[in-house]
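Below is one structure; the comments refer to it alone.
This one's a predicted model, so the numbers in the text were calculated from it and none came from an experiment. Residue numbers begin at 1 in each chain, while the letters A, B, ... track the order of the sequences.
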Amino acid sequence: MAEARNVTRRPAHRNSALKVYFGTPGNTVVTLVCVAILAFAAKAAISWLLINAVFSGTPEDCKAGAGACWPYLAAKLRYMLFGIYPFDEQWRPFMATILFVVAMAISGIPRLWGRPLVVAWAALLPVLFLLMSGGTLGLAHVPTSQWGGLPLSFMLTFVGLICALPLGILLALARLSNLPAIRVLAITFIELVRGVPLISVLFMASVMLPLFMPDGMTFDKLLRAQVAIILFAAAYIAEIVRAGLQALPRGQTEAAQALGLHFWQYTYLITVPQALKTVIPPLVSLFIGFFQDTTLVVIVGLLDFLNTVRTAMRDPNWQGIAVLEGYLFAAVVYFVFSAIMGAYSRYLEKRFRVGHD
Amino acid sequence: MSPIVLLRDQRARELAYQLICVAVVVGCGWYLLSNALANLARQDIATGFNYLGREAGFIISETPIAYEPSDSYGRALLVGLLNTVKVAVLSIVLGTIIGTLVGIARMSSNPLLSRLMLLYVEALRNVPLLLYLFLWYSVIIFTLPSVKQAIALLPGVYVSNSGLVIPAVVWHSGFWSITLAVVLGTAAALGWQAVARRRRIATGSSQAGWPIAVVLFTLPIAVAALLFEINVDFDWPVLGKFRLTGGAHLKPEFVALLLGLTLGTSATVAEIVRSGILAIGRGQREAARALGLPDGLAMRLVILPQALRIIVPPLTNVYVTTFKNSSLAIAIGYPDLVMVSNTIMNQTGQAIEPIALFMLVYLFLSLATSMLMNWYNGHVALKGR
């Protein structure tokens, strides 16, 4: 199979470069139009980012210049990354972000997948929470209302998906259950959540939930958004895991039953591990989607990365001066993280395809 | 029977599990509901949907149907819903057209074109939609010139920091007769094409397909134009010294949302179209060529009909997602269903009913879109296998 693929690809490379770009009149036009677009974009980008840009100085200098305002990024970088977290304590969210990224990178190595990794994550999350929240070990207490920026975005995404995964697996099992009441409950929840936008679930969590709590009981705003994201993600994960469970040959379950394993035993030992392995690529795609979707917490007023970038522009010193720089910086950050995860997802797909051949 | 024996009976155990599950769900629901009723009573907030009939009293910046602040909350919600449908349907149509072109261009043998399209798709898919909405909105508001120096993109199309102005068509009379004629003409042309195709398949002799179809399409329009008085004006925008006059004015919020949704949809559609076409084996293309079909015909008659079967199901999801994503309108202030509901929540203090209402609407829209697309999918799916 691999050989056949190579053979079919060859001819394109064998063509001379000239023929690829200028083979037919139509192709020549396409090439020229593409070159024109690229040249125009490159010229605009270079003149805005470099030639006309202001590299150092005050807001007034930026106001006078026609290009990008780099001093703005320098001045507001800390705020954009960490929000209103106390300035002297910002090494803590910084460390938390680094830990998150390192832990994610390690978890990405397929050879390490297994129960120890799950245990390690379960241990890491309280440590991260302690680091951010403080109150013990000589760390000053920082309430969640002051958390913000990139660490908050990471937290909403990763904690959300890590907690949603077991819930999603349970929902998938419930949906495939042969107990009608449980199946109907699971289907209702999954279809209801998947049929409405994330915004409405966030609205429910931020506006409706307080009404449903007994008098005097209040929930942390951040926790409410986090719960909304977990419930929302669980419904989507459930559908992915269900596909994996249904793709499993029936023989696996039947063999397990023949060995005398009962439901929870073969679910935990046989079916779910195999199903999860086949659905890892779509799960990673879901991760990327949710990393971007957590920006919606802007609408219920949480200071995630996009919102710190947005509110940074309201600084009276800089108001109306750097209007695009912040968004473009945020776009680059989101692009880099999403593109890395996307490349990782393609790597996994390739690896699993080879495994099946 | 003793409880121990019951526990060993599988039927009894299954029943017990289900009863426990239902009891827990009902119990939680009852607990939350009673809390909510107590809270509402204490805070003196009304319940029920009586508010729908009361006077809204707020202004909506974009109204596809007549609306005054003195109209009811119900009518305000209808305006919001129409705004949602307007922006979502437009971006679905535009996004599908652009996405299909980009998807095909992605497979071009010209590396420059295919790489450029890859860049387009990646740039759109790896950055959150909400960020793009803020970005486009800022670009329109802060970087475009004022109306006085509006830029002419095309003749009659002006952009400025107050949005987009395009030529408008004003029907003084004859709108419905022309619309009816166009519908009739389209139906007749499509019907003839189907008949010609069936005859060609049955008899093997080729039929005069499209010339007759064109005649069938134009005939009703010509008849309508002759029989009824058609009075139509093109309202062409004119750039005066201080402002633009004439034309239709699209507000910056609408333009930013339409742009963001369209581009986002197009990137996903492009990937779906590309993978759908790539999934059709090389053998199909080679066989079509061996039969003497030119590339264009091979695409239209052999590749696309097969690719559509693969493309349609994921396309359904994209359309449903676009509908749901249009709710991000609230972030830049386009008065869609969610934003109008939010205003109502703030005014009446009733949170549960407006949220439940717009969730129901989205559920219905999602289900309606999937049902429509499922019907179409059944139409193009392989038959008799």
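- No side-chain heavy atom of B/L131 sits under 4.5 Å from any side-chain heavy atom of A/V309.
- Between the side chain of B/K324 and the backbone N or O of A/R194, at least one donor-acceptor pair lies under 3.5 Å.
- Atom OG of B/S108 sits about 6.0 Å away from atom CG of A/N27, to the nearest 0.5 Å.
- Proximity of A/L328 to B/L135: side-chain heavy atoms (C-beta onward) are separated by under 4.5 Å at one or more points.
- Inter-residue side-chain proximity for A/L211 and B/I352 is flagged as met; some heavy-atom pair is nearer than 4.5 Å.
- Taking the six-membered ring where the residue is Trp, B/F358 and A/F203 present perpendicular rings, their angle passing 60° and hence far from 30°.
- Within 6.0 Å of the CZ atom in A/R183, the count of heavy atoms belonging to other residues, nucleotides or ligands exceeds 12.
- Using a 4.5 Å heavy-atom cutoff, the side chains of B/L112 and A/V30 are not in contact.
- Between chain B and the options A/S338, A/S177, A/G342, heavy-atom pairs under 4.5 Å are most frequent for A/S338.
- Counting heavy atoms of neighbouring residues, nucleotides and ligands inside a 6.0 Å radius, atom CZ of A/F263 exceeds 12 of them.
- Heavy atoms of A/L198 lying under 4.5 Å from chain B are absent altogether.
- Neither the backbone nor the side chain of A/V336 comes within less than 4.5 Å of any heavy atom in chain B.
- Contact annotation for B/N126: both backbone and side-chain heavy atoms come within less than 4.5 Å of a heavy atom of chain A.
- Of the two parts of A/P180, the backbone and the side chain both hold a non-hydrogen atom closer than 4.5 Å to a non-hydrogen atom of chain B.
- The contact between A/L185 and chain B is made entirely by side chain atoms (from C-beta outward), counting heavy-atom distances below 4.5 Å.
- Within the 4.5 angstrom heavy-atom criterion, only side-chain atoms of A/L38, from C-beta onward, approach chain B.
- A/Y327 is listed as a side-chain neighbour of B/S138, based on a closest heavy-atom distance under 4.5 Å.
- A distance-only check finds no donor-acceptor pair linking the side chain of A/Q292 to the backbone of B/L130 [under 3.5 Å].
- Taking CG of B/N325 as the reference point, atom CG of A/D293 lies at 7.5 Å (rounded to 0.5 Å).
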